[in-house]
Amino acid sequence: MKRSEMLHAVKQKQGYFDMIIIGGGATGLGTAVDAASRGYSTLLLEQHDFAKGTSSRSTKLVHGGVRYLQQGNVSLVLEALRERGLLIQNAPHLVRNQSFVVPNYDWWEGPFYGIGMKVYDMLAGKLGLGPSKNLSLEKTIEQLPTLEKEGLRGGVIYYDGQFDDSRLAINLAQTAVEHKAAMINYAKVTELLKTNNMVDGVLFTDQLSGKEFKVNGRVVVNATGVFTDNILKMDNPDSKPMIAPSRGVHIVIDSEFSPGKSAIMVPHTDDGRVLFAVPWNGKLVLGTTDTPVDKPELEPKAMEEEINFILKHAAQYLTGNPTRDDVRSVFAGLRPLVKAGGDGSDTASLSRDHTLIVSNSGLVTITGGKWTTYRKMAQDTVDQAATVAGLNINECVTENMRIHGWLKNTDHSDPLHHYGSDRVEIEKLIKEKPELGEKLHERLPYLKAEVVWGVRNEMAMTVEDILARRTRALLLDAKASVEMAPEVAKLMADEMDKDREWQKTQISEYEHIASAYIL
Ligand SMILES: Cc1cc2nc3c(=O)[nH]c(=O)nc-3n(C[C@H](O)[C@H](O)[C@H](O)COP(=O)(O)OP(=O)(O)OC[C@H]3O[C@@H](n4cnc5c(N)ncnc54)[C@H](O)[C@@H]3O)c2cc1C
């Protein structure tokens with residue numbers, strides 16, 4: 001996957017792409033995979049790096065949504081559980097079965113959550129990951145040795161999926177390319193092109209060279225998450241906003257605070273929120289919050305009260321009482337929640353979770369939903385987009401399609417396991433040049449070879465791309481990631497033929513971004 005080749009493909013393109021997709025998060029990438037694998041010529045444009053937006057900032061769960069079950073939204077849970085099963089089947093190197101324990105402190109919680117989780121199991125049917133069970137006090141402590149024991153009566157154990165969000169995003173981009181899609185990061189759409197009031201292309205700026213490109217498509221899909229309204233405004237300056245962004249914050253601490261294999265799920269904190277403490281890549285991810293925000297941004301910042309909320313509740317459930325000093329990283333993401341009513345044009349709400357709109361100009365907008373359901377969202381979008389474009393309706397083939405890197409029986413103790421079938425290629429790099437086998441930082445598992453691999457094969461263009469999304473150093477230990485930046489910049493510069501000035505700028509830009517992840 002090489003960016004220069006992708007840009008070249010666009011320059012050489014005669015006539016129209018079948019589909020142009022704006023936005024390289026879960027939704028846009030899934031749509032590109034679906035469109036390209038049905039045989040449509042596809043171009044995806046992402047203004048920054050793939051998954052720079054919400055799609056690298058999730059809780060990393062592939063889940064049916066126990067919360068939606070509590071709200072009685074059975075159809076949504078059913079759809080998500082089905083997609084969970086398909087994703088484990090299609091990307092087993094990235095999605096794993098994770099046990100969760102709901103700790104019970106009140107007498108009614110055992111029977112209540114016990115029955116709720118049985119319904120969850122039943123809805124998952126054959127795609128279930130394991131039967132839920134009520135646990136005795138002893139068994140609960142066995143699963144979660146550092147759980148607050150005062151008043152504890154027992155727990156309920158259930159199973160859901162866990163994944164690496166930005167790695168899946170990169171693997172989806174690679175899968176789309178394998179089906180001949182052109183995928184360009186750092187390509188910002190600035191204008192929609194129209195003929196007879198119908199959208200038939202876009203103007204985009206290559207953010208790295210500053211050059212502008214015009215490109216035509218039979219249909220244009222707006223998959224820009226919390227930025228959806230910006231594109232709708234390009235189409236119709238009078239369009240009413242349909243997105244109400246909501247910020248979710250996560251805190252990452254060392255796994256010693258909950259050394260067991262199970263995650264903790266608190267369905268109802270004392271102020272009525274859901275709280276997770278999930279083991280992830282050798283750390284513990286705590287979250288999350290739900291705070292309405294006025295406007296979308298690519299680097300949302302966690303507020304003090306959100307950090308305090310998470311730490312206060314974590315201390316209620318974990319005997320180690322984590323404090324600010326224990327925080328390795330804090331990250332925030334924006335949920336693209338859809339306001340009721342949308343912009344009033346032809347709305348086809350195919351599920352209560354995601355919203356698909358066709359504007360009068362033929363612009364197709366897909367938004368809402370969640371990572372877990374990205375494949376179904378993509379299927380619905382491409383069905384709709386092909387109709388708008390007047391293309392032959394080719395059948396969707398993604399249900400049983402392997403995602404790039406597919407590998408069964410992954411050994412999760414191998415530091416390169418999340419590369420799946422690409423792991424052997426990285427090992428070859430190390431064999432050719434043994435110093436690439438050295439670690440980039442003593443506190444993190446990442447190797448120098450991963451930087452070289454990321455530049456050569458995964459379209460990493462900046463130090464941030466490597467530290468935030470090709471590896472997860474920024475989220476796992478932000479301070480360590482800053483210490484890694486000079487070496488990463490040097491390795492990248494060697495690969496990309498960049499000078500010392502480029503390295504200096506990259507390091508200082510990275511330090512600026514990472515400073516917001518450090519408390
Ligand atoms: C805190 C939090 C926790 C979550 N946890 C989970 C979870 O555990 N499991 C789950 O299933 N889901 C979860 N979700 C939901 C899930 O992360 C989102 O639904 C999903 O990532 C949204 O993807 P998207 O592609 O629609 O948006 P985004 O990922 O934001 O992608 C949109 C992209 O469009 C690009 N873009 C915008 N404007 C332009 C332009 N003019 N030109 C080119 N590109 C442009 C942006 O740069 C961005 O990369 C969570 C969400 C949040 C906020």
Side-chain angles (χ1 to χ4, degrees), residues 20-32 43-68 80 83-84 87 95 98 160-166 168-169 172-173 184-192 202-207 220-234 243 245-250 263 274 276 278 280 285 287-291 293 296-300 302 306 310 331-338 353-355 365-378 381 469:
I20 297 176
I21 298 154
I22 315 172
T27 310
L29 292 165
T31 304
L43 168 68
L44 179 141
L45 300 166
E46 161 55 49
Q47 65 175 348
H48 195 278
D49 186 25
F50 303 121
K52 164 72 177 181
T54 308
S55 298
S56 57
R57 300 156 188 274
S58 77
T59 313
K60 286 76 167 111
L61 303 181
V62 181
H63 60 163
V66 173
R67 188 174 13 163
Y68 302 116
E83 291 302 319
R84 180 186 77 172
L87 195 51
V95 188
Q98 172 67 55
D160 243 329
Q162 192 201 31
F163 77 130
D164 186 329
D165 48 11
S166 68
L168 180 56
L172 286 174
I184 310 182
N185 54 3
Y186 297 96
K188 180 172 180 154
V189 170
T190 52
E191 207 180 302
L192 299 176
V202 300
L203 176 71
F204 75 89
T205 308
D206 174 351
Q207 302 285 86
V220 174
V221 176
N222 172 13
T224 53
V226 286
F227 300 93
T228 296
D229 290 334
N230 295 353
I231 306 292
L232 286 172
K233 277 247 181 299
M234 285 181 198
I243 298 295
S246 162
R247 188 175 52 237
V249 169
H250 294 93
V274 179
F276 284 104
V278 191
W280 186 66
V285 178
T288 177
T289 52
D290 213 330
T291 313
V293 297
E297 52 184 331
L298 272 175
E299 274 296 343
E306 293 169 303
I310 297 174
F331 63 95
L334 300 180
R335 295 178 190 85
L337 300 183
V338 180
D353 197 20
H354 60 267
T355 299
T365 295
I366 172 73
T367 192
K370 51 186 186 172
W371 242 120
T372 308
T373 53
Y374 84 91
R375 193 208 62 81
K376 180 66 169 62
M377 291 169 71
T381 306
R469 290 169 296 277

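Counting starts at 1 for both ligands and their atoms, in listed order. As the structure is a prediction and not an experimental result, all values here were calculated from the model.
- In the candidate list Gln47, Lys188, Glu191, Gln207, Gln47 is nearest to atom 36 (N) of ligand 1, counting heavy atoms.
- Of the protein's non-hydrogen atoms, the one nearest atom 7 (C) of ligand 1 is Leu61 O, 3.5 Å.
- For the pair Asn185 (side chain) and Glu46 (backbone), a donor-acceptor distance under 3.5 Å is absent.
- Protein heavy atom at the shortest distance from atom 49 (O) of ligand 1 is Glu46 OE1, 2.7 Å.
- Taking 4.5 Å as the limit, some side-chain heavy atom of Ile310 sits within range of a side-chain heavy atom of Thr289.
- At the top of the distance list for atom 24 (P) of ligand 1, counting protein heavy atoms only, stands Thr27 OG1, 3.3 Å.
- When hydrogens are left out, the protein atom nearest atom 31 (O) of ligand 1 is Gly25 CA, 3.4 Å; that is the closest non-hydrogen contact.
- Polar contact check, Thr54 against ligand 1: a nitrogen or oxygen pair lies under 3.5 Å apart.
- Using a non-hydrogen distance threshold of 4.0 Å, Ile231 registers as a contact of ligand 1.
- Counting heavy atoms closer than 4.0 Å to ligand 1, residue Leu334 contributes backbone atoms (N, CA, C, O) but none from C-beta onward.
- Protein heavy atom at the shortest distance from atom 53 (C) of ligand 1 is Arg335 CG, 3.2 Å.
- Some N or O of Ser55 is nearer than 3.5 Å to an N or O of ligand 1, by distance alone.
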